[in-house]
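Each remark here refers to the structure printed beneath this line.
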Amino acid sequence: MEQSLVVGCPCIADVKDCLTKVESLKYAQEACYNGTLIVKASSSGLDIGSCNWSITGPNGTIIYVSSSLCMSSTATSFDYKALQRSDVVLYSDFSSCNTTDKFEDGNNSSGTAASNFSNISDDAVDLEASFTLLNNDEYMEEIEKLDFICSCSMDSVKSRGSVLIPIGRLGIILQLLERFALGLESENMKVPIFVVSSVAEELMAFTNIIPEWLCKQRQDRLYSGQPLFTHVEMLKDGRLHLFPAIHSLELLTIWQEPCIVFCPHWSLRLGPVVHLLQRWCKDQNSLLVMEEEVDANLALLPFKPMAMKVLQCSFLSGIQLQQSHLLLKMLQPRYVLFPEVLKRHVTPLDSFDYYSENEKLHIPMVKNSELDITVEVAVQLRYTTLKQQDTNISRLKGELLMEQGRYLLSVGDNQVCSETETKPVLHLGRIDLNVLLVALQKMGMNVTVEEARGDDGLLTASLVHVLEPNKALIKVTDVQTLISTADENLASLISQAVCTNLDCI
Amino acid sequence: MAIECLVLGAGQEVGKSCVVVTINGKRIMFDCGMHMGYSDMRRYPDFSLIPKSNCSDFTNSLACVIITHFHLDHIGALPYFTEVCGYNGPIYMTYPTKALAPLMLEDYRKVMVDRRGEEETFTSEDIVECMKKVTAVDLKQTVQVDKDLQIRAYYAGHVLGAAMIYAKVGDAGMVYTGDYNMTPDRHLGAARIDRLQLDLVITESTYATTYRDSKYAREREFLKAVHNCIAGGGKVLIPTFALGRAQELCMLLDDYWERMNLKVPIYFSSGLTIQANMYYQILINWTSQKVKDTFTTRNAFDFKNVCSFDRSLITAPGPCVLFATPGMVSGGFSLEVFKQWAPSEQNLVMLPGYCVAGTIGHKLMSAKIPTQIHLDQDTRIDVRCQIHQLSFSPHTDAKGIMDLVKFLSPKHVMLVHGEKPNMATLKEKIRSELGIKCYDPANNETVCIPSTNYIKARYSDAFQESSLCPNFKFLKTSSRQDFDSVNSHMRTKPFLQVCDDRMAEGMLTLQKNQNPKVVTQNEVMTSLGLEKHEVKFDHCFPVVYVANSKISLLKQLFERLVQEFPDLNMEDFPEHLQIQSFVVFVCSNEECPHRSEQKKCDAVYCCCSWSLADEKLAWKLISVMKEFRG
Ligand SMILES: [Zn+2]
Ligand SMILES: [Zn+2]
Ligand SMILES: [Zn+2]
């Protein structure tokens with residue numbers, strides 16, 4: 001519902017223009033940026049379409065964990081399996097910053113968390129089991145909260161007061177709508193429910209055509225031939241009304257109180273909520289439902305004195321500390337980055353660091369870069385076994401392509417013609433003069449050796465004079481052998497003798 | 001490593017699509033269909049032929065089953081395979097297929113048991129249990145089936161939720177198309193797939209040799225035939241599957257009725273199809289862009305002219321249009337109505353574009369009206385009604401198949417889901433026009449092809465850096481129109497291309513108990529403690545030259561050598577000439593150690609040096625120079 005803010009923004013053209021540049025992805029769809037980076041979203045469970053990101057490049061995988069909810073009754077559940085075995089986890093769920101009190105009371109918060117789970121083995125099955133257990137508890141708590149809001153609301157309408165819910169979270173709205181329908185039905189009351197927002201109609205229609213983005217229970221409704229949400233039926237039989245604005249003519253004609261209204265904005269400063277709050281703030285039977293994250297004192301200041309009841313509720317908006325500990329154990333990343341603000345609450349791990357705004361961090365990573373070589377390239381390889389070491393070596397040539405974040409060395413399109421022009425052979429090592437002389441003599445050459453010394457008297461080169469079968473001079477230094485002769489055959493023979501003395505690649 | 005394809009169905013025929021593919025040891029079953037033309041066990045694929053590598057059951061021998069769409073010839077045998085044969089492993093299909101398949105299966109089961117009186121091979125409960133095992137997937141999602149196997153679904157058109165499947169094991173990749181349509185229709189978009197590295201494409205070939213023109217003309221033809229019939233007071237029978245075609249045709253009629261202000265009732269034979277419209281409304285994201293765009297104002301599947309139907313209306317007087325299941329008049333309600341309506345020449349039967357051999361639809365296609373159709377020994381039907389065959393089909397035509405194969409450019413193509421002679425023609429065309437190996441195996445045959453496997457090697461940073469040094473070249477290309485219906489992101493290539501023709505060169509080292517590693521030449525030397533040793537040659541010899549000539553010796557030599565070796569790249573410097581590593585200059589050092597020949601008169605010494613790589617060339621150059629007379 002917060003989209004209404006965007007619609008009201010004066011720069012609507014910019015917003016539209018901006019959105020044309022956005023490429024939308026499905027969960028687990030691989031988007032390849034520049035051939036190098038594979039970007040993938042996976043469900044975070046927080047709300048419909050919310051996600052965590054993984055970026056895989058040739059040097060590893062980085063996971064960005066945003067606020068995640070392990071169990072959801074509308075959106076697709078948190079897909080933590082998609083985040084497993086990465087190189088770096090950038091932990092960016094700040095939701096536990098707000099609920100730190102519990103831990104600070106215990107003086108040593110991280111210690112508490114750690115000791116709580118020290119008896120849990122690292123066995124994957126156990127980990128998962130404890131994780132699910134925690135999530136279940138948490139899920140039940142959420143359900144209780146919603147039930148409580150619902151029963152308070154029913155009390156209000158029974159005493160002829162209205163209920164105002166300026167909450168922006170779509171998942172919460174959709175669940176409350178269903179609960180209200182059930183509650184009103186069981187009380188046998190006919191109280192209209194209004195959703196007043198410029199995007200209400202679109203949003204309600206849209207939520208019914210996106211089964212792929214919803215939790216399992218919702219998808220099962222599709223398979224059993226029901227609409228995904230009850231609001232489809234509520235709209236049809238007139239229990240629910242959608243209006244773009246509070247001054248819609250049609251709204252004024254069917255308006256009746258008591259009623260239940262969902263509308264923006266949670267700040268209580270914008271949108272229909274301002275008018276409705278002014279109307280109901282003096283009514284002690286009416287009820288305002290707010291999120292706890294909002295500073296109620298400040299938000300309600302313009303409406304004081306208030307007779308209206310206020311119910312503040314904190315909904316789960318991320319991973320709790322105990323869970324994050326288990327989660328990271330399950331994800332098994334090689335390195336974790338925590339926000340600096342969580343420093344006191346995080347149980348230290350083997351490899352981790354803290355990040356803060358505008359600060360560059362260096363992550364010590366062992367790179368294990370691997371590339372693929374096509375069979376076509378491999379068959380062209382000619383291995384040489386080096387003289388001293390246990391090493392086989394071959395020249396490698398090809399076109400290095402980047403495909404899906406991996407290097408692939410393939411025979412390039414234009415390599416067919418270049419196959420004839422082989423690169424000069426590389427010679428490695430030093431000449432052992434005695435071995436060379438023996439080799440030359442074996443070839444039937446008559447040789448004498450002379451030493452060349454520099455001015456300082458140090459040996460600079462050995463000069464081998466070939467006298468028979470023809471004249472030749474071989475000048476051997478550590479890095480070079482120079483053959484000079486007028487006899488082509490002799491030159492070739494000598495070079496062969498020299499090469500057997502070296503590693504040729 | 002290899003890819004092995006065992007065709008259990010739809011080999012050189014249409015019906016019971018089922019291909020079991022083993023990629024590098026991973027076995028996948030694509031589709032699990034039934035054959036409409038048989039009522040004995042031949043209607044199912046022969047599952048006993050699936051290799052059971054050391055394990056007794058299908059669950060262990062198959063990594064997964066993937067269903068492309070909800071048509072019975074692709075999913076009809078699935079409940080039998082899971083509930084009777086006992087396959088208990090993962091099954092994948094798209095969301096719409098998972099939602100709509102149970103309706104199709106239940107409809108088929110009813111026709112089979114309730115109407116034809118056959119013994120059922122699976123029950124309603126079997127269908128429910130079977131569908132519980134299905135994992136629904138969205139388009140383009142990369143699904144990791146297990147450590148080695150990845151699958152991904154792409155939009156195939158054809159029917160709601162139809163998918164082409166990409167499967168990858170290690171470096172080997174393949175696509176199984178299922179049924180697809182390369183042109184958008186009223187309710188669905190055209191098939192779309194990415195350019196992928198593929199060893200194999202298995203494609204349907206229903207219309208292997210047919211080429212079709214614009215769809216709109218054929219839609220008009222359909223509407224005219226229906227209109228003519230009802231204008232003459234006749235009844236129109238449209239036998240269709242419960243899903244897909246019924247919705248598409250109904251959209252056409254509903255729209256036409258509005259425009260022409262017709263009041264003749266349109267009926268759906270069972271509640272089934274009306275219920276299906278609700279699924280279509282939720283799954284509207286899987287329809288064509290046009291339908292999606294208008295859904296907020298009016299849902300295209302909310303038909304205004306469709307009235308509820310009951311049995312008495314079959315014999316009621318006056319014109320009407322009736323959609324009845326099953327398609328191809330293979331039994332059930334459509335057959336019942338056909339019996340009643342066929343004898344009147346006022347009426348019209350609208351047959352689908354394709355009818356499986358053995359069905360009444362197939363018989364009617366080739367029949368000359370009036371005729372008699374034998375149902376069984378005792379029953380025969382006088383057919384005097386008009387027969388019209390729909391000329392538009394949700395299958396791609398031959399051009400579409402060729403376009404897709406060309407776009408994907410796999411190493412091998414396999415044809416299934418078609419008619420033998422036409423497939424043979426298409427196979428030749430793919431071989432000759434695209435130069436791709438193509439196969440069209442019959443049922444229960446196996447095709448084996450090699451699969452891509454890369455050698456994995458670590459690489460050094462220095463190698464990476466050296467390989468990324470740009471080496472720009474400018475290329476002129478003929479402008480090429482890209483393949484729009486398959487991938488809209490492609491753009492027309494510009495006439496002039498700047499091409500970065502960089503070549504990676506390095507050394508591959510293999511050491512005991514270590515992975516292969518790619519490094520640079522320098523790294524090899526430092527890591528192994530080896531130094532480069534150069535082997536070079538020198539030769540200083542006299543060249544005949546008259547000193548008073550106006551042109552320098554080097555210049556003259558240069559011209560001579562260019563003349564002799566026009567293909568070589570020679571460089572002409574003031575003091576020397578260079579041809580690759582071969583360098584020559586005029587030697588004025590009387591003591592030059594490289595001299596071994598006596599000076600002749602009118603001669604100048606030329607000193608040459610070269611390295612081993614140019615040994616042969618050097619001696620050729622020298623012999624030319626020695627014969628030179630300046
Ligand atoms: Zn089909
Ligand atoms: Zn088919
Ligand atoms: Zn010289």
Side-chain angles (χ1 to χ4, degrees), chain A residues 26-30 202 205 208-209 211-212 219 222-223 225 227-228 369-375 378 381 386 389-400 408-409 412 414 424-431 471 473 479-486 488 491-492 495 498-499 502-503 505, chain B residues 95 98-99 131 136 138-143 171 197 275 278-279 282-285 295-296 453-459 464 467 501-512 518 521 524-525 528 530-541 581 593-594 596-597 611-613 615 619:
Chain A
K26 308 274 175 77
Y27 288 140
Q29 179 181 347
E30 292 177 352
E202 220 174 317
N208 203 43
I209 60 160
E212 302 86 359
Q219 290 180 353
L222 163 68
Y223 302 136
L228 303 172
S369 339
E370 206 184 55
L371 59 71
D372 293 330
I373 302 171
T374 63
V375 175
L381 298 177
L386 292 188
Q389 273 96 356
D390 236 359
T391 305
N392 283 312
I393 196 159
S394 169
R395 278 168 181 283
L396 185 68
K397 191 175 174 180
E399 198 176 344
L400 194 66
L408 174 68
L409 196 72
N414 27 22
V425 180
L426 177 68
H427 298 277
L428 297 176
R430 283 185 191 185
I431 300 287
K471 270 182 134 186
L473 174 66
V479 295
Q480 199 188 54
T481 299
L482 200 58
I483 303 161
S484 56
T485 172
E488 181 179 347
S492 164
S495 70
V498 169
C499 288
L502 298 164
D503 286 316
I505 303 167
Chain B
Y95 283 93
K98 185 177 177 182
M131 294 315 293
D138 204 346
L139 295 175
K140 295 188 179 175
Q141 275 184 338
T142 304
V143 179
D171 305 315
Q197 277 285 331
Q275 192 193 356
M278 206 276 305
Y279 288 93
I282 296 182
L283 296 165
I284 205 149
N285 272 319
F295 107 94
T296 27
N453 278 287
Y454 298 134
I455 292 144
K456 316 277 174 210
R458 288 178 300 133
Y459 64 89
Q464 183 190 352
S467 310
D501 185 28
R502 53 189 82 172
M503 265 290 163
E505 285 184 76
M507 298 281 181
L508 185 74
T509 62
L510 287 171
Q511 274 173 305
K512 253 193 191 151
V518 183
Q521 191 166 303
V524 168
M525 294 190 288
L528 299 175
L530 289 172
E531 273 177 275
K532 199 165 160 180
H533 189 99
E534 250 187 306
V535 180
K536 292 192 77 174
F537 299 87
D538 266 307
H539 184 36
C540 193
F541 57 92
S581 72
H594 313 307
S596 50
E597 283 166 52
S611 54
L612 195 54
E615 197 185 354
W619 289 108

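Each chain gets a letter, A, B and so on, in the order the sequences are listed, and its residues count up from 1. Being a predicted model, the structure only gives us computed values, none of them experimental.
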Item to check | B:V143 versus chain A, the contacting section by heavy-atom distance below 4.5 Å | outcome: neither

Checklist entry - When rounded to the nearest 0.5 angstrom, what distance separates CD1 in A:I431 from NE2 in B:H533? => result 4.0 Å

Checklist entry - Side chain, backbone, both or neither: which part of A:L502 has an atom under 4.5 Å from a heavy atom of chain B? => result side chain

Checklist entry - Is the backbone of A:I209 close enough, under 3.5 Å, to the side chain of B:N285 for a donor and an acceptor to pair up by distance? => result yes

Item to check | side-chain contact (heavy atoms from CB on, under 4.5 Å) assessment of A:E488 paired with B:E615 | outcome: CA-CA 9 Å; A:E488 181 179 347; B:E615 197 185 354; 6.0 Å; no

Next on the checklist: Pair A:Y223, B:M131 - check side-chain contact (heavy atoms from CB on, under 4.5 Å), show working.
Outcome noted: CA-CA 9 Å; A:Y223 302 136; B:M131 294 315 293; over 6 Å; no

Item to check | Choice from B:P593, B:A99, B:S581 maximising heavy atom contacts with chain A below 4.5 Å | outcome: B:A99

Checklist outcome for this item: Applying a strict 4.5 Å limit to non-hydrogen atoms, the region of B:I282 in contact with chain A is both

Checklist outcome for this item: From the list A:V375, A:L371, A:T374, A:I373, side chain to side chain contact (heavy atoms under 4.5 Å, CB included) with B:Y454 holds only for A:T374

Checklist entry - Would you call B:E531-A:R430 a salt bridge at under 4.0 Å N-O? => result yes

Checklist entry - Side chain, backbone, both or neither: which part of A:V479 has a non-hydrogen atom closer than 4.5 Å to chain B? => result both

Item to check | Which portion of B:L508 sits near chain A, non-hydrogen atoms under 4.5 angstrom | outcome: both

Next on the checklist: Run the side-chain hydrogen bond (donor to acceptor under 3.5 Å, both in side chains) test against B:D171 and tell me which residues pass, sequence neighbours left out.
Outcome noted: B:K456

Next on the checklist: At a 4.5 Å cut-off on heavy atoms, which part of A:L409 comes close to chain B: side chain, backbone, both, or neither?
Outcome noted: side chain

Checklist entry - Going from CG on A:L396 to OH on B:Y459, what distance comes out if it is rounded to the nearest 0.5 angstrom? => result 13.5 Å

Next on the checklist: For a side-chain contact (heavy atoms from CB on, under 4.5 Å) check, start with the C-alpha distance between B:E505 and A:K397, then their side-chain angles and the critical distance, and finish with the verdict.
Outcome noted: CA-CA 5 Å; B:E505 285 184 76; A:K397 191 175 174 180; 3.6 Å; yes

Next on the checklist: I'd like to check B:L612 versus A:H427 (side-chain heavy atoms, cut-off strictly below 4.5 Å). Are they in contact?
Outcome noted: yes

Next on the checklist: At a 4.5 Å cut-off on heavy atoms, which part of B:M507 comes close to chain A: side chain, backbone, both, or neither?
Outcome noted: both

Item to check | side-chain contact (heavy atoms from CB on, under 4.5 Å) between B:L510 and A:I393, worked out | outcome: CA-CA 6 Å; B:L510 287 171; A:I393 196 159; over 6 Å; no

Item to check | Contact check, side chains of A:R395 and B:Q521, non-hydrogen atoms, under 4.5 Å | outcome: yes

Item to check | Heavy-atom closest pair, residues B:F537 and A:S495 | outcome: CZ-CB, 3.5 Å

Checklist entry - Is it the backbone or the side chain of A:L482 that comes under 4.5 Å from a heavy atom of chain B, or both, or neither? => result both

Item to check | ring pair (Phe, Tyr, Trp, His ring centres under 6.0 Å) partners for A:Y27, two or more places apart | outcome: A:W213

Checklist entry - Is the shortest heavy-atom distance from the side chain of B:E534 to the side chain of A:Q480 under 4.5 Å? => result yes

Checklist outcome for this item: Between B:L530 and A:G429, the two heavy atoms sitting closest are CD2-CA, 4.3 Å

Checklist entry - Do you know the tightest heavy-atom contact between A:A491 and B:W619? => result CB-CZ2, 3.8 Å

Checklist entry - Between A:K26 and chain B, which part of the residue has a heavy atom less than 4.5 Å away: side chain, backbone, both or neither? => result side chain

Checklist entry - Looking only at side chains, do A:T485 and B:H539 share a donor and an acceptor under 3.5 Å apart? => result no

